Amino acid sequence: MSAAAVIPSLIPLLLVVAMRRAEARIYRQLADAGAVTAESAIQLSPGRSIERRRLQGLIRGGAVRLTANSRHFLDADGWNSHQRNRRRRVLFAMSVVVALIGVAVAVLFIMR
């Protein structure tokens with residue numbers, strides 16, 4: 001397999017890694033500041049565009065809450081739900097990959 005074929009196949013993996021790191025930074029900022037209630041919420045201003053997008057995704061998903069004065073705090077139940085949903089998506093994706101590999105092997109076996 002040539003490098004030209006390998007590099008495009010790595011792009012989704014690299015994107016997932018960058019997204020996970022951005023979420024980890026957001027989580028770490030909120031947890032380190034003790035921002036777990038509306039009263040302890042802090043102002044977040046992510047510098048990278050991927051962090052801004054992940055923050056908006058975490059807000060939409062309920063893992064991070066936004067107060068009326070534009071401060072953010074970590075919702076423990078929402079974060080746990082977010083993690084549980086992520087695990088489900090990963091397991092689903094892995095199941096699809098395994099099924100596709102199985103189909104490919106079956107097709108190769110039949111074509112022999």
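Small disclaimer: the values here were computed from a predicted structure and weren't measured.
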### Task
Drop me the distance from D75's CG to T37's OG1, to the nearest 0.5 angstrom.
11.0 Å

### Query
About how many Å separate CD of E23 and CZ of R86, when rounded to the nearest 0.5 Å?
4.0 Å

Say whether [X] and [Y] are linked into one hydrophobic cluster, either directly or through other cluster members, by side-chain heavy-atom distances under 4.5 angstrom.
X: V64; Y: M19; value: no
X: I11; Y: I50; value: no
X: M94; Y: L13; value: no
X: L74; Y: L55; value: yes

### Query
Would you call R71 and L66 a side-chain contact if the rule is heavy atoms closer than 4.5 Å?
no

### Message
Pair I26, R54 - check side-chain contact (heavy atoms from CB on, under 4.5 Å), show working.
### Response
CA-CA 9 Å; I26 292 167; R54 287 316 312 142; 4.3 Å; yes

### Query
In terms of side-chain heavy atoms, does Q29 have a donor or acceptor partner in H72 at a distance below 3.5 Å?
no

Whether [X] side chain and [Y] backbone form a donor-acceptor pair below 3.5 Å:
X: S81; Y: D77; result: no
X: S40; Y: G34; result: yes
X: R52; Y: G47; result: yes

## Note on the structure
Tightest non-hydrogen contact, residues S70 and Q43, listed as O-OE1, 2.8 Å

### Task
Over all heavy atoms of both residues, which pair between T67 and A41 is shortest? Give the atoms and the distance, please.
CG2-CB, 3.9 Å

### Query
So which pairs with a foot in residues 16-38 pass ring pair (Phe, Tyr, Trp, His ring centres under 6.0 Å), sequence neighbours left out?
Y27-W79

